[in-house]
Amino acid sequence: MVDYDVIVVGGGPAGLAFARSLAGSGLRLAVVERQPLDALADPVPDGREIALTHRSVATLEALDAWARLDPADVAPLRAARVFNGSSRFALTFGGTMSGDDRLGQLVPNHRIRRALFQAVEGQDGLTLFAGSTVTEVRTDRRRAEVALSDGRSLTARLLVASDSRLSDVRDRLGIKAEINRLGQSMMVCRVVHEGDHGGVATEWFDHGHTIAMLPLNGRMSSAVLTLPAAAMQRIAALAPEALGAEITRRYHGRLGTMTPVEAPHVYPLVMTYADHFAATRAALIGDTAVGMHPVTAHGFNFGLQGQATLARLVREAAAKGRDIAAPLLLRRYEMTHRLATRPLYTATKLLVRLYTDERPPFAIARHAALRAAAHLPLVRGTVTRLLMQH
Ligand SMILES: Cc1cc2nc3c(=O)[nH]c(=O)nc-3n(C[C@H](O)[C@H](O)[C@H](O)COP(=O)(O)OP(=O)(O)OC[C@H]3O[C@@H](n4cnc5c(N)ncnc54)[C@H](O)[C@@H]3O)c2cc1C
């Protein structure tokens, strides 16, 4: 006899979405999260603006999370433009379609977390262990067992790890992962500006840095600056006025003077891809399975897709009275999610290489790549469809 049917380790957006996807299945769930309850219930801003595809919005609607967002926190994304160096040429995605939200919607990560928390709060059969860390993991053919930092131990038929890209549970399960530490950091900071962004995101690869502007509501954008880690430390430590001047200068004043409205947040860039998404009585979801580079804005979109795939298989098995962690079921999840994520993960790795290497062959190659993509409607159409994912 086990205490639960499923233990989810990590109450981040992927873990909470998965727990909500199992609502009404009759399964007993335990969600273990390191952060205390009040931090989960009302997460503080972390600077991430998540570009959600239409498919992700539909998933959040189905999970009863979308309606919990304040419309003022949702910004439509009409199109995206990519520039290279001082060239005025831009590759545009989504420009020819109709509708204000041609590519998707931008929503702050902490608001998504709050909405998902509200959606699972009080869910039948769900027990939340907030403020607890998993310190030991054991699995065998019959069950999974985890020990918590407060001395308790829990057992279940299935263990789901969603404890982020440098996952401790993944290590403890003996699953290796490709881990690319890129030596670069990304700073995100909300700024207000004089010019109108028109709902268009820009990504600009220039000498020594990459700068992107994500359009938020009103004359506000999220400035996203990528630099070598050491250089970033110096910039993130600037006083607000000097930081605004630095961002304005790096963006060549395209939207006029920029003024920070929140403290900047800095993320070291690490791309990860687990060698396996499943093991005996265990599965990996969210960033624990696939940790994307933010440049292609797909980490959480993939996280939502993966949790939905696993939840569907688990629900089907439960409804038929079958084992919810049968090896065949877990293999099907792994295969489906690898097929869905590997191509874009690999393309993103190439893109990052192409756009962060400053040596002349790479500068020429990226210019050629942008021009070629612009003249190949198939490439543009495919990328746009991928970004939109209806
Ligand atoms: C700057 C930036 C911009 C981004 N933009 C986009 C975007 O536009 N579109 C997009 O789709 N994605 C984007 N992403 C990616 C997205 O933020 C992640 O994919 C998503 O947050 C991952 O969710 P997760 O639940 O898998 O992991 P996390 O959000 O990392 O959550 C993991 C949770 O597990 C908990 N935890 C960790 N270890 C333990 C333990 N041992 N025991 C218990 N609990 C534990 C943590 O406290 C945390 O709550 C961006 C990321 C960054 C950094």
Side-chain angles (χ1 to χ4, degrees), residues 1-34 40 59 62-65 116-117 119-130 132-148 152-164 167-170 172-173 175 274 276-289 303-334 336-337:
M1 186 60 189
V2 289
D3 308 321
Y4 296 94
D5 295 303
V6 185
I7 298 171
V8 180
V9 184
L16 291 180
F18 178 69
R20 183 61 180 75
S21 291
L22 293 181
S25 63
L27 295 168
R28 294 159 302 156
L29 312 179
V31 176
V32 183
E33 165 58 45
R34 184 163 58 193
L40 271 185
T59 305
L63 296 180
D64 190 29
L116 283 166
F117 177 81
V120 300
E121 215 180 2
Q123 182 174 315
D124 262 0
L126 187 150
T127 311
L128 181 61
F129 294 85
S132 296
T133 310
V134 165
T135 54
E136 260 180 75
V137 175
R138 257 193 308 273
T139 57
D140 61 31
R141 280 171 49 204
R142 286 183 312 114
R143 62 182 201 169
E145 181 172 4
V146 299
L148 305 188
R152 283 181 288 191
S153 87
L154 313 174
T155 56
R157 293 193 282 157
L158 171 65
L159 169 66
V160 174
S162 54
D163 57 334
S164 204
S167 162
D168 179 53
V169 175
R170 185 178 65 207
R172 290 180 188 276
L173 287 167
I175 301 178
H276 294 282
F277 295 172
T280 305
R281 298 236 157 250
L284 315 183
I285 61 169
D287 279 13
T288 307
L304 272 178
Q305 203 177 331
Q307 67 76 29
T309 304
L310 181 62
R312 182 175 48 78
L313 293 169
V314 167
R315 287 185 78 107
E316 278 170 14
K320 291 179 182 155
R322 300 205 177 125
D323 184 359
I324 58 166
L328 205 61
L329 181 159
L330 296 177
R331 262 210 302 280
R332 269 182 71 190
Y333 160 63
E334 164 158 336
T336 310
H337 199 41

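When reading the values below, keep in mind they use all heavy atoms of this one structure, side chains included, and skip hydrogens, waters and symmetry mates. Because the structure is a prediction, the values reported are computed rather than measured.
In this structure, Y4 and F129 have perpendicular ring planes: the angle between them is above 60°, well past the 30° mark.
Atom CZ of residue F18 and atom CG of residue L63 lie 11.5 Å apart, to the nearest 0.5 angstrom. Between L310 atom CG and Y333 atom OH the span is 5.5 Å, to the nearest 0.5 Å. Here the CZ atom belonging to R170 is positioned 9.5 Å from the CG atom belonging to D287, to the nearest 0.5 angstrom. To the nearest 0.5 angstrom, L330 atom CG is 9.0 Å from T280 atom OG1.
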Show the numbers, then the answer: is there a side chain to side chain contact (heavy atoms under 4.5 Å, CB included) between V169 and T288? CA-CA 9 Å; V169 175; T288 307; over 6 Å; no
Please assess I175 against L284 for the test side chain to side chain contact (heavy atoms under 4.5 Å, CB included), listing each intermediate value before the final yes or no. CA-CA 10 Å; I175 301 178; L284 315 183; 4.0 Å; yes
Show your reasoning for whether side chain to side chain contact (heavy atoms under 4.5 Å, CB included) applies to L126 and V120. CA-CA 8 Å; L126 187 150; V120 300; 4.2 Å; yes
Derivation and outcome, side chain to side chain contact (heavy atoms under 4.5 Å, CB included), residues V32 and L148: CA-CA 9 Å; V32 183; L148 305 188; 3.8 Å; yes
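Residues S21 and Q307 have side chains in contact (heavy-atom distance under 4.5 Å, counting atoms from C-beta outward). Using a 4.5 Å heavy-atom cutoff, the side chains of L159 and V9 are in contact. The closest side-chain heavy-atom distance from V6 to R157 is not below 4.5 Å. Looking at heavy atoms from C-beta onward, I7 lies out of side-chain contact with V160 at the 4.5 angstrom threshold. Considering only heavy atoms from C-beta on, V314 comes within 4.5 Å of L22 through its side chain. A 4.5 Å side-chain heavy-atom check between L40 and L128 finds at least one atom pair inside the cut-off. Inter-residue side-chain proximity for V134 and D168 is flagged as unmet; no heavy-atom pair is nearer than 4.5 Å. Counting heavy atoms from C-beta outward, S153 and E145 have side chains that approach closer than 4.5 Å.
Contact detail for L313 and L329: the closest heavy-atom pair is O-CD1, 3.6 Å. Listed here is the closest heavy atom pair of L116 and A65: CD2-CB, 3.8 Å. Pairing each heavy atom of L304 with each of A17, the nearest pair is CD2-CB, 3.9 Å. Heavy-atom minimum distance, A325 versus R281: CB-NH1, 3.3 Å.
Of the candidates L158, V31, L29, V31 is the only one forming a side-chain contact (heavy atoms from CB on, under 4.5 Å) with V8.
Using modelled atom types, no side-chain atom of R143 and backbone atom of V2 make a donor-acceptor pair closer than 3.5 Å. Between the S162 side chain and the I285 main chain, no donor and acceptor come within less than 3.5 Å of each other. For the pair D64 (side chain) and A119 (backbone), a donor-acceptor distance under 3.5 Å is absent. Between the side chain of T133 and the main chain of R34, no donor-acceptor pair closer than 3.5 Å is present.
Salt-bridge annotation for R312 and E316: present, with a side-chain N of the basic residue lying under 4.0 Å from a carboxylate O of the acidic one.
Between E334 and H276, the side chains place a donor N or O and an acceptor N or O closer than 3.5 Å (distance only, hydrogens not considered).
Other residues, nucleotides and ligands contribute at most 12 non-hydrogen atoms within 6.0 Å of the CZ atom of R332. Shown here is D124, whose CG atom has no more than 12 heavy atoms of other residues, nucleotides or ligands within 6.0 Å.
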